[in-house]
Amino acid sequence: MAEPVQTPQASFPTRIFSGIQPSGGLTLGNYLGALKRFVEKQDEGIETIYCMVDMHAITVWQDPEKLRQQTREGAAAFIAAGIDPARSILFNQSQVSAHVELGWIFNCIARMGWMSRMTQFKDKAGKNSENVSLGLFAYPSLMAADILAYKATHVPVGEDQKQHLELTRDIAIKFNNDYGVNFFPVVEPVIEGAATRVMSLRDGTKKMSKSDPSDQSRINLTDDADTIAKKIRKAKTDPEPLPDTLDGLKDRPEARNLVNIYAALAGHTPEQVIRDYAGAQFGSFKPALADLAVAKLEPITLEMNRLMQDPGEIDHILGQGAARADAIARPIVDQVYDIIGMIRSRRD
Ligand code: TYM
């Protein structure tokens, strides 16, 4: 093995990559923790690459027709939320083979011990760990490949992806050290804002998730105004009024969650929300939150529905994005083959 080298970050230009799984409909958690922030990054003028990670989705069973539908719906959500396919690259993962090629190489870099510590795998596999797919276990090294195939430097995600990004850093460092190169950047997780972990509306200690069996636990980006308002009205809370400091929310997970959701939707800090609603009962806070949620989400839902009328156009956008993504990732993965000693002599 070559001598370890330091990886000076300055040599890598800022580039953002992030992805969302089309394993179900998108939720308010995906919107506030990811999508909304993806749009902000694009609008700051940074180079942004966003991906519907369909190869990740099949780590658990997906009905083929539903998977196609969910991939298009996810892409429609990106566009409806403000991603401009001319300014950002928007595509689905399986159309760019560099991801799985680099994913395999990273399977040979990542250590079993590292992967065994992934809490999301443990949560998802539960007591069933002998019977889940090998892909579910290897998933985080494909995620590292998604990012590093573009030498992305910054990855906006929700809190739940933090450990996977730490693994991505470990893989990049080990690759650079093993081969004595300064090839991959050590990525920076970008986990910021009031809603990095949106919780279930039925249980403030559980993450809001597209895979929760209870539809009441989440707001889907496809929910209509009535459904959104009803779910917020029925959200679990406690009998106390809102406190006058954030500290007062410490042991009130459901109340804290609604305050954070309000803050993220309004573009305020949770402190500001507490200042405005100190002493308010949920009887008045919930309707205010429902109005705000409908005002922010309804235009996105309507635009998603409009875009979904023309699936061919969505596929066209994904195809064009994939060609642009491939033009960045292909030479990077080819250089990886050269670094690791693969012969590349085929000429088409
Ligand atoms: P996924 O599809 O579970 O979620 C997509 C994004 O939404 C965020 N998110 C949340 N944020 C706040 N509160 C919530 N309740 C909530 N639920 C989900 C996630 O943190 C994520 O940012 N492994 C990834 C997909 C992926 C990826 C990547 C991400 C694959 N390759 C490369 C970044 C870079 C996942 O399963 O996300």
Side-chain angles (χ1 to χ4, degrees), residues 15-38 41 48-60 62 70-71 73-74 77-78 81 91-94 96 98-100 102-103 106 118-121 123-124 135-136 138-169 171-172 187-212 217-221 253 256-257 260-261 263-265 325 329:
R15 178 180 278 160
I16 283 190
F17 180 96
S18 201
I20 295 189
Q21 285 198 62
S23 51
L26 299 192
T27 69
L28 180 67
N30 297 126
Y31 175 66
L32 294 176
L35 265 185
K36 185 168 184 285
R37 295 175 39 241
F38 295 173
K41 297 294 166 202
T48 41
I49 306 175
Y50 296 127
C51 185
M52 292 307 298
V53 288
D54 46 10
M55 294 297 228
H56 284 273
I58 60 164
T59 54
V60 298
Q62 301 292 333
Q70 285 160 191
T71 304
E73 203 173 270
F78 270 92
F91 70 108
N92 60 311
Q93 185 187 25
S94 57
V96 180
H99 293 241
V100 286
L102 190 58
F106 286 171
M118 293 295 114
T119 54
Q120 202 166 65
F121 174 77
D123 290 348
K124 283 194 177 174
L136 191 69
Y139 168 119
S141 77
L142 179 58
M143 176 161 162
D146 298 336
I147 298 163
L148 295 175
Y150 301 90
K151 295 192 178 181
T153 54
H154 294 78
V155 184
V157 283
E159 179 69 39
D160 61 339
Q161 297 300 318
K162 191 168 177 219
Q163 197 187 28
H164 290 160
L165 293 183
E166 278 157 12
L167 182 94
T168 301
R169 292 165 65 94
I171 288 176
V187 298
E188 287 298 330
V190 185
I191 302 172
E192 56 190 17
T196 55
R197 190 172 177 81
V198 177
M199 308 309 276
S200 156
L201 299 180
R202 308 304 303 161
D203 176 351
T205 63
K206 260 174 59 187
K207 191 184 71 166
M208 182 182 286
S209 157
K210 47 196 165 209
S211 56
D212 192 310
S217 70
R218 64 179 160 263
I219 292 173
N220 306 298
L221 287 191
R256 191 175 58 214
N257 188 36
N260 285 344
I261 292 174
L265 283 168

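Remember, it's 1-based here, ligands and their atoms both numbered in the order they're listed. Note that the structure is a prediction, hence the values are computed from the model and not measured.
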**Item:** Derivation and outcome, salt bridge (charged side-chain N to carboxylate O under 4.0 Å, His left out), residues Arg218 and Asp212
**Value:** CA-CA 8 Å; Arg218 64 179 160 263; Asp212 192 310; 5.0 Å; no
**Message:** Run the side-chain contact (heavy atoms from CB on, under 4.5 Å) test on Gln62 and Gln70 for me, step by step, so that the C-alpha distance in whole Å, both residues' side-chain angles and the decisive distance to 0.1 Å come before the verdict.
**Reply:** CA-CA 10 Å; Gln62 301 292 333; Gln70 285 160 191; 3.8 Å; yes
**side-chain contact (heavy atoms from CB on, under 4.5 Å) between Asn260 and Val198, worked out** = CA-CA 8 Å; Asn260 285 344; Val198 177; over 6 Å; no
**Asked** When you look at Thr168 and Asp146, which way does the side-chain contact (heavy atoms from CB on, under 4.5 Å) test go after all the steps?
**Response** CA-CA 10 Å; Thr168 301; Asp146 298 336; over 6 Å; no
**Asked** Given Glu188 and Thr153, is the side-chain contact (heavy atoms from CB on, under 4.5 Å) satisfied, shown in steps?
**Response** CA-CA 6 Å; Glu188 287 298 330; Thr153 54; over 6 Å; no
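Below 4.0 Å from some heavy atom of Ile20 lie the following atoms of ligand 1, by number and element: 2 (O), 5 (C). Residue contact check: Asp160 has heavy atoms under 4.0 Å from atoms 19 (C), 20 (O) of ligand 1. Every atom of ligand 1 is numbered from 1 in the order shown, and the set under 4.0 Å from a heavy atom of Lys207 is 15 (N). In summary, the atoms of ligand 1 found under 4.0 Å from a heavy atom of Asp146, numbered by their order in the structure, are 28 (C), 30 (C), 31 (N). Those atoms of ligand 1 that come under 4.0 Å of a heavy atom in Arg197, given as number and element, are 12 (C), 13 (N). For ligand 1, the atoms sitting less than 4.0 Å from at least one non-hydrogen atom of Ala34 are 6 (C), 7 (O), 22 (O), numbered in the order shown with element in parentheses. Of all atoms in ligand 1, numbered sequentially from 1 with element shown, those under 4.0 Å from a heavy atom of Ile147 are 32 (C), 34 (C).
Between Met143 atom CE and His56 atom NE2 the span is 7.0 Å, to the nearest 0.5 Å.
Taking atom 37 (O) of ligand 1 as the reference point, the nearest protein heavy-atom neighbour is Gln161 NE2, 3.7 Å. At the top of the distance list for atom 11 (N) of ligand 1, counting protein heavy atoms only, stands Gly29 O, 3.2 Å. For atom 15 (N) of ligand 1, the closest non-hydrogen atom on the protein side is Val198 O, 2.8 Å. Ranking the protein heavy atoms by distance from atom 28 (C) of ligand 1 puts Met143 CG, 3.5 Å first.
In Val53, the part holding a heavy atom less than 4.0 Å from any atom of ligand 1 is the side chain. Here Thr196 has backbone heavy atoms under 4.0 Å from ligand 1, and that is the only part of it that gets that close. At a heavy-atom cutoff of 4.0 Å, ligand 1 is contacted by the backbone of Ala195 but not by its side chain. Within the 4.0 Å heavy-atom criterion, the part of Val155 lying near ligand 1 is the side chain and not the backbone.
Of the listed options Gly19, Ser200, Gly33, Gly19 places a heavy atom closest to atom 27 (C) of ligand 1. Evaluated by nearest non-hydrogen atom to atom 18 (C) of ligand 1, the leading choice among Thr27, Leu26, Asn30 is Asn30. Selection from Phe38, Tyr50, Tyr139 by nearest heavy atom to atom 36 (O) of ligand 1 gives Tyr139.
For Lys210, the closest heavy-atom approach to ligand 1 falls below 4.0 Å.
With a 6.0 Å cutoff to the six-membered ring centre and a 45° limit on the axis angle, Lys124 counts as a cation-pi contact of Tyr139.
Phe38 and Tyr50 have parallel rings, their planes meeting at less than 30° on a 0 to 90° scale where 60° marks the start of perpendicular.
A salt bridge links Asp160 to Lys207: one of the charged nitrogens lies within less than 4.0 Å of a carboxylate oxygen.
The main-chain N or O of Val190 is found under 3.5 Å from a side-chain atom of Arg37 such that the two form a donor-acceptor pair. Looking at Asp54, its side chain never comes within 3.5 Å of a backbone N or O of Asn92 through a donor-acceptor pair. Side-chain atoms of Thr196 never come within 3.5 Å of backbone atoms of Ile191 as a donor-acceptor pair (strictly under, hydrogens ignored).
Where the criterion is an N or O separation shorter than 3.5 Å, residue side chain and backbone included, Met208 meets it with respect to ligand 1. Close N/O approach between Gln21 and ligand 1 is found [any backbone or side-chain N/O within under 3.5 Å].
Residues Pro189 and Arg169 have side chains in contact (heavy-atom distance under 4.5 Å, counting atoms from C-beta outward).
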